[in-house]
Participant: 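One structure coming up, written as structure tokens, with questions to follow.
All figures in this text were calculated on a predicted structure; none of them were measured in a lab. Residue numbering restarts at 1 for every chain, and letters A, B, ... go by the order of the sequence lines.
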Protein chains: 2
Amino acid sequence: MTDCLSCIVRNRAICASLRPDELLLLGRMGRRQRVSSGHTLLWEGEDAPVVANVLEGVLKLVAATADGREQIVGIVFPSDFIGRPFGKESPYSVSAISAAELCIFHRDQFDEFAADHPDLQQKLLRRTLGELDRARRWMLLLGRKSASEKVASFLLEMADRLSPPPGAADTARGFELPFGRQQIADILGLTIETTSRQLTKMRADGLIDLPSRRKIVINDLAALNEMAG
Amino acid sequence: MTDCLSCIVRNRAICASLRPDELLLLGRMGRRQRVSSGHTLLWEGEDAPVVANVLEGVLKLVAATADGREQIVGIVFPSDFIGRPFGKESPYSVSAISAAELCIFHRDQFDEFAADHPDLQQKLLRRTLGELDRARRWMLLLGRKSASEKVASFLLEMADRLSPPPGAADTARGFELPFGRQQIADILGLTIETTSRQLTKMRADGLIDLPSRRKIVINDLAALNEMAG
DNA sequence: CGTCAAATTGACGCCGGTCAAACCGGGTGG
DNA sequence: CCACCCGGTTTGACCGGCGTCAATTTGACG
């Protein structure tokens with residue numbers, strides 16, 4: 001049985017709204033599962049029988065055109081929720097981009113449980129409203145920003161979401177992306193070449209350092225903010 | 001006092017979840033308001049003290065860059081809900097693009113009411129999840145589709161959302177857009193010139209007719225679907 | 001040190017943006 | 001009824017940013 005009380009995301013996931021006895025009930029419905037990097041949980045357009053909380057790792061939500069062009073439409077971090085309550089099929093696919101651990105529920109069981117627990121449903125509503133806001137800000141980026149503005153905006157958002165908490169051991173500024181270049185391109189609606197060129201130019205201009213393939217160090221936050229448009 | 005029982009959107013708006021006595025309570029909190037085309041209800045980044053149901057008319061949600069480029073990030077039709085429950089400021093502005101009638105609530109009063117009415121909150125959650133799905137499909141369009149694919153996708157979506165119900169009086173195929181060319185461009189992340197050129201080309205190719213500035217008649221649905229990518 | 005995928009760099013072309021001019025339709029006033 | 005006006009739209013000419021294709025370099029790992 002799943003031990004929810006000691007769960008790493010106990011206080012951050014939607015479960016935080018539940019009392020211990022309710023948590024026990026939900027825990028009985030859930031099942032922990034490890035998935036390896038690259039594994040696809042839900043397929044675009046297919047029936048989506050499960051929802052889940054993310055305990056560890058990072059996943060991407062991907063929409064694709066008929067001829068295979070891909071756009072990443074969401075990034076899922078630990079304590080985030082995935083799947084589509086109250087809907088049969090997923091409008092995008094969900095894949096792990098790192099090894100991940102999930103807490104999985106059958107969708108209809110979860111829906112039923114949620115209907116009986118308004119606080120859980122409110123947490124889910126708050127989260128969904130936040131995701132919607134984020135998606136809409138991203139639409140501005142995709143529709144109206146230039147390549148350099150896109151990359152600058154991306155770095156700022158990632159610095160915000162990924163920077164280690166201020167008191168962390170590594171005093172080294174900077175953060176490690178969970179993405180490769182192609183995935184950054186798929187997030188920004190660019191090609192991998194354009195993405196790479198923009199990053200190289202920013203390094204040449206001294207705005208950032210790129211100490212390894214996936215590490216980013218921001219040298220000039222103000223200039224980056226300016227550039228983000 | 002607002003008479004909710006006879007409201008035009010009684011059965012389609014989130015209020016549909018309420019019993020007559022609950023509706024009476026909510027009705028006391030609400031206030032009907034007409035706004036004229038062009039009026040902006042909420043400003044991007046400013047405090048958003050109200051939420052509302054749309055009874056009549058069409059509104060747009062707009063995000064903008066510092067230098068004035070605009071992207072429409074949502075379109076709001078009758079029975080849709082606007083505003084940001086559980087959040088102080090609006091991440092985008094909301095403006096009427098036709099004369100409109102709204103049913104307005106103070107945000108914190110509404111939040112409180114919603115917390116006590118799980119069915120209302122569930123309706124709101126379902127709606128928000130639907131909006132999120134729509135926003136994400138639009139991200140694919142903005143990030144990865146060509147101008148012709150964008151315009152074709154737009155026409156199909158509008159045909160779907162705006163076509164008169166099958167048994168309507170006007171047997172004339174087609175529909176009337178609530179947008180001008182500039183607004184279509186702002187929806188698609190294009191310029192007005194590119195949008196205009198694509199529409200003209202589609203007419204030249206016989207895919208559509210443009211009987212007046214805002215009317216669209218689709219002649220070849222299959223070809224349009226093909227073109228949408 | 002060898003291997004291989006990922007990333008970078010370069011050369012080139014095209015789609016869609018920019019700027020400018022012409023056109024259209026609907027409303028107003030003579 | 002018609003001339004005029006004016007915002008919205010269309011059309012044209014031009015050009016630059018970003019995509020495409022291809023070659024090279026890098027760095028992680030055995």
Participant: Compute whether any side-chain donor of one residue and acceptor of the other, for A:R69 and A:Q71, lie under 3.5 angstrom apart.
Facilitator: no
Participant: Roughly, in whole Å, what's the span from CZ in A:F179 to C1' in C:dA7?
Facilitator: 17 Å
Participant: For A:K145 and B:T65, does a side-chain donor sit closer than 3.5 Å to a side-chain acceptor?
Facilitator: no
Participant: Can you name the residues that form a side chain to side chain contact (heavy atoms under 4.5 Å, CB included) with A:S196, not counting sequence neighbours?
Facilitator: A:T200
Participant: So, under a plain 3.5 Å distance rule, would you say the side chain of A:R197 forms a donor-acceptor pair with the base of C:dT9?
Facilitator: no
Participant: How large an angle, rounded to 10°, do the end axes of the helix from C:dC1-D:dG30 to C:dG30-D:dC1 enclose when each is built from five base pairs?
Facilitator: 30°
Participant: Under a plain distance cut-off of 3.5 Å, with no hydrogens placed, do B:R181 and B:Q183 share a side-chain donor-acceptor pair?
Facilitator: no
Participant: Taking atom types as they are modelled, would you say the side chain of A:E193 forms a donor-acceptor pair with the base of D:dC18 within the 3.5 Å cutoff?
Facilitator: no
Participant: Nearest whole Å is fine: how far is D:dA28 C1' from A:E176 CD?
Facilitator: 13 Å
Participant: Hey, is the side chain of B:R214 pairing donor to acceptor with the base of D:dG8 inside 3.5 Å?
Facilitator: no
Participant: Are any of A:R213's side-chain N or O atoms less than 4.0 Å away from OP1 or OP2 of D:dT26?
Facilitator: no
Participant: Give the rounded distance in Å between these two atoms: CG of A:L199 and P of C:dT9.
Facilitator: 11 Å
Participant: Any chance you could lay out the side-chain contact (heavy atoms from CB on, under 4.5 Å) test for A:W138 and A:L188, step after step, and finish with the verdict?
Facilitator: CA-CA 9 Å; A:W138 217 247; A:L188 298 177; 3.9 Å; yes
Participant: Just checking B:S146: base, sugar-phosphate only, or nothing, at a heavy-atom cut-off of under 4.0 Å?
Facilitator: sugar-phosphate
Participant: I want to check one thing: is the phosphate of D:dT11, taken as OP1 and OP2, less than 4.0 Å away from some side-chain N or O of B:T200?
Facilitator: yes
Participant: Would you check, one step at a time, whether the test salt bridge (Lys or Arg N to Asp or Glu O under 4.0 Å) holds for A:D133 with A:R137?
Facilitator: CA-CA 6 Å; A:D133 285 348; A:R137 278 194 302 111; over 6 Å; no
Participant: For D:dG19 and A:T194 - does any side-chain N or O of the residue sit under 4.0 Å from the phosphate oxygens OP1/OP2?
Facilitator: yes
Participant: Report the residue (A:L210 or A:R144) whose heavy-atom-nearest nucleotide on DNA chain C is the more 5′ of the two.
Facilitator: A:L210
Participant: In whole Å, what is the span from the CD1 atom of B:I192 to the C1' atom of D:dT11?
Facilitator: 12 Å
Participant: Expressed in angstrom and rounded to an integer, what is the separation of A:L188 atom CG from D:dG17 atom C1'?
Facilitator: 16 Å
Participant: Please say whether the positively charged group of A:R136, taken as NZ for Lys or CZ for Arg, lies over the ring of B:Y92, i.e. under 6.0 angstrom from the six-membered ring centre and within 45 degrees of the axis.
Facilitator: yes
